[in-house]
Amino acid sequence: MFNTKTVFIVGAGASVDVGLPTGAQLKTKIREYLGTSNYNFNNYNIRDGLVSHLQRNRERIETGPYIEAAEYIANAMPVSHSIDHFLFTHAKKPQVVTMGKLAIAATLLDAEYTSDLRLENNRIDLIKTENYWLNSFCRFLTEEVQDGDFEDIFDNVAIITFNYDRCIEHYLAHHLATYYVKPIEEAYELARRLTVVHLYGQLGHLPWRATGQQQVPFGQLTSGESVATAMSTLHTFTEQATEKAILHRVRRLVAEAERLVFMGFAFQDLNMQLLLPEDNTVYKEIFGTVSGISKANAEKISSYLTREFTTLDNQKPKLYLDHVHCNQLLLDYWRIIFDPDPPEYVN
C-alpha cells in the first residue's frame, strides 16, 4: 500500500514488454495498415470499420475521400514524429483524423489480441509477465495486505496513462484474482477502485469497467465493428484539450503528488503540457525511465523537470532518472518509491 501520494505516468514504452508497440513501431504498422491496393485498404478491418463508423453517424458511405486521407497518413508516417503529432497538425481535416483513429484502433486491438496478456482458458499466462512492470507494481502494492484487508489498498496511488491500450486494468484484475485466489468477478470489483485516467481515451471500455455501447473486450479477434467502437472513444491532442474536467483532474493529481513515477514516457512537450499544474506547492521526488534517450537529452529533461516542478517557495524536486526499462526502475528503487514515509525536503 502507499502512504505517500504517488502518481505513475505511463507512456508507450511501458507496454512493450507484453507485446504492445512503441510509438515508432505503431507508425510503421499504421503505414502498412493504411496502404492501399486496387483503390481499397490493405486492412479489411479498417475498411469495415470505416463503413460501420459512417453508418453509425448516418453519413453517406463514400469512401473515396477517406482512402485519399489514408494515403496521406501512410506516406507521412516515415517523416512524422508520431501519429499523435500528425493528427494534431491536421486536426482541421476530419477525414484524416477519422482514418488516423481507425488505424490506431485496428493496430492496437490486433496488438492486444497477440499480446502476452491475451487470455488462455480465461486466464493470463503470468509466467510470460514476470518481467512486466505491473507485476512488480502489484507485488509491492499487495505486500503485507492480507486477503480481505482491501479497504485502503489503492489509497494514495493513481495512474495517468497516455496509452490507448487497456493493459493496466486488464492485468491488475487477473493478478489480484490469482494472488488472492478469488473469482475474477470479485477481482474486477476490487480493481475498479484503482484510479486510472486515460488522457487520450482508450480502445473502448472493458465490459467490467463500464456499461453502455462502447464496450470492447480485451484481446478479442479484431473486427470492423470493434474497430469502429474503439475509435469512437479515442481522443487526439486537440480533442483532449476540450475535456476540461479530465485535464483538471489530472493536473490536480500531479499537483498533490509527493512522488511522480514516469514509466516508458518520452517527455514530449505536447504531453507534458497536459500534466503541469498551474501552481506547484508540493515538494516532489520524481522517478523516470530514460532508456533509449541520449545522455544530453536526458540532462535536458532533468533541467526541464527541475524547472517545472520547483515549488513556489523554491523547493527543487529530487530526481531519479535512470537508463533502464520500466520493471528495472521499480526493482532498483522500490524501497524509495514504495517506502511508507513521505519524502523529506533537504535544502
Side-chain angles (χ1 to χ4, degrees), residues 9-16 20-37 39-43 45-47 49-50 53-54 57 59 63-112 160-165 198-204 222 224 227-243 246-247 264-275 292-293 297 301:
I9 299 167
V10 179
S15 298
V16 170
L20 275 292
T22 63
Q25 291 168 339
L26 181 62
K27 287 196 308 170
T28 300
K29 206 66 178 177
I30 285 174
R31 176 176 171 79
E32 174 189 327
Y33 276 27
L34 289 183
T36 59
S37 57
Y39 208 61
N40 212 329
F41 301 110
N42 288 340
N43 185 278
N45 288 325
I46 290 181
R47 178 199 64 189
L50 173 61
H53 168 73
L54 295 176
N57 290 277
E59 296 181 32
T63 60
Y66 292 94
I67 291 176
E68 187 176 33
E71 291 176 341
Y72 292 158
I73 298 172
N75 291 336
M77 284 301 93
V79 296
S80 298
H81 190 74
S82 70
I83 180 61
D84 297 306
H85 279 79
F86 184 80
L87 296 183
F88 169 72
T89 301
H90 297 277
K92 296 180 181 179
K93 300 173 184 175
Q95 287 89 356
V96 170
V97 173
T98 294
M99 292 313 304
K101 287 184 175 182
L102 286 169
I104 291 170
T107 303
L108 293 182
L109 286 175
D110 281 353
E112 286 189 349
I160 298 168
T161 176
F162 287 81
N163 297 341
Y164 302 116
D165 66 67
H198 286 262
L199 253 171
Y200 288 145
Q202 55 189 300
L203 299 170
T222 310
V227 169
T229 299
M231 70 86 67
S232 69
T233 54
L234 305 183
H235 308 301
T236 66
F237 176 84
T238 305
E239 292 168 334
Q240 183 55 55
T242 66
E243 300 289 337
I246 294 177
L247 286 177
F265 189 74
F267 300 96
Q268 295 173 356
D269 289 342
L270 285 178
N271 292 335
M272 289 301 300
Q273 289 174 27
L274 301 178
L275 297 173
I293 297 175
N297 284 336
I301 290 169

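Pairing each heavy atom of I30 with each of A103, the nearest pair is CG2-CB, 3.9 Å. Minimum interatomic distance between L203 and T233 (heavy atoms only, all atoms of both residues): C-OG1, 3.9 Å. Nearest approach of I46 to A106, heavy atoms of both residues: CG1-CB, 3.7 Å. Of all heavy-atom pairs between A105 and V227, the closest is CB-O, 3.8 Å. Annotation for S15 and D165: closest pair OG-OD2, 3.2 Å, computed over non-hydrogen atoms. Minimum heavy-atom separation, K27 to S80: NZ-O, 2.6 Å.
Looking only at side-chain heavy atoms (C-beta outward), T222 and E112 stay at 4.5 Å or farther from each other. Contact annotation: the side chain of I83 approaches that of I73 to within less than 4.5 Å [non-hydrogen atoms, C-beta and beyond]. Contact annotation: the side chain of L270 never approaches that of D84 to less than 4.5 Å [non-hydrogen atoms, C-beta and beyond]. F86 places a side-chain heavy atom less than 4.5 Å from the side chain of V96.
In this pair, F162 and F265 present their aromatic rings tilted. The plane angle is within the 30 to 60° band.
Distance check: H81 NE2 to Q268 CD gives 3.5 Å after rounding to the nearest 0.5 Å. Atom CD of E32 sits about 14.0 Å away from atom CE of M77, to the nearest 0.5 Å. Here CG of L50 is found 12.5 Å from CG of N45. Values are rounded to the nearest 0.5 Å. Once rounded to the nearest 0.5 Å, the distance linking NE2 of H90 with OH of Y72 reads 10.0 Å. Remark: T107 OG1 to L20 CG distance equals 11.0 Å, nearest 0.5 Å. Rounded to the nearest 0.5 angstrom, L34 CG and Y66 OH are separated by 14.0 Å.
Screening L234, N163, L26 for a side chain to side chain contact (heavy atoms under 4.5 Å, CB included) involving L108 leaves a single residue, L26.
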Problem set entry | Steps toward side-chain contact (heavy atoms from CB on, under 4.5 Å) verdict (L275, I160) | CA-CA 9 Å; L275 297 173; I160 298 168; 4.2 Å; yes
For this session: Go through the steps to decide whether K101 and T236 satisfy the test side-chain contact (heavy atoms from CB on, under 4.5 Å), and finish with yes or no.
Result: CA-CA 8 Å; K101 287 184 175 182; T236 66; 4.0 Å; yes
Exercise. Please walk me through it: do L102 and Y33 pass side-chain contact (heavy atoms from CB on, under 4.5 Å)?
Worked result: CA-CA 10 Å; L102 286 169; Y33 276 27; over 6 Å; no
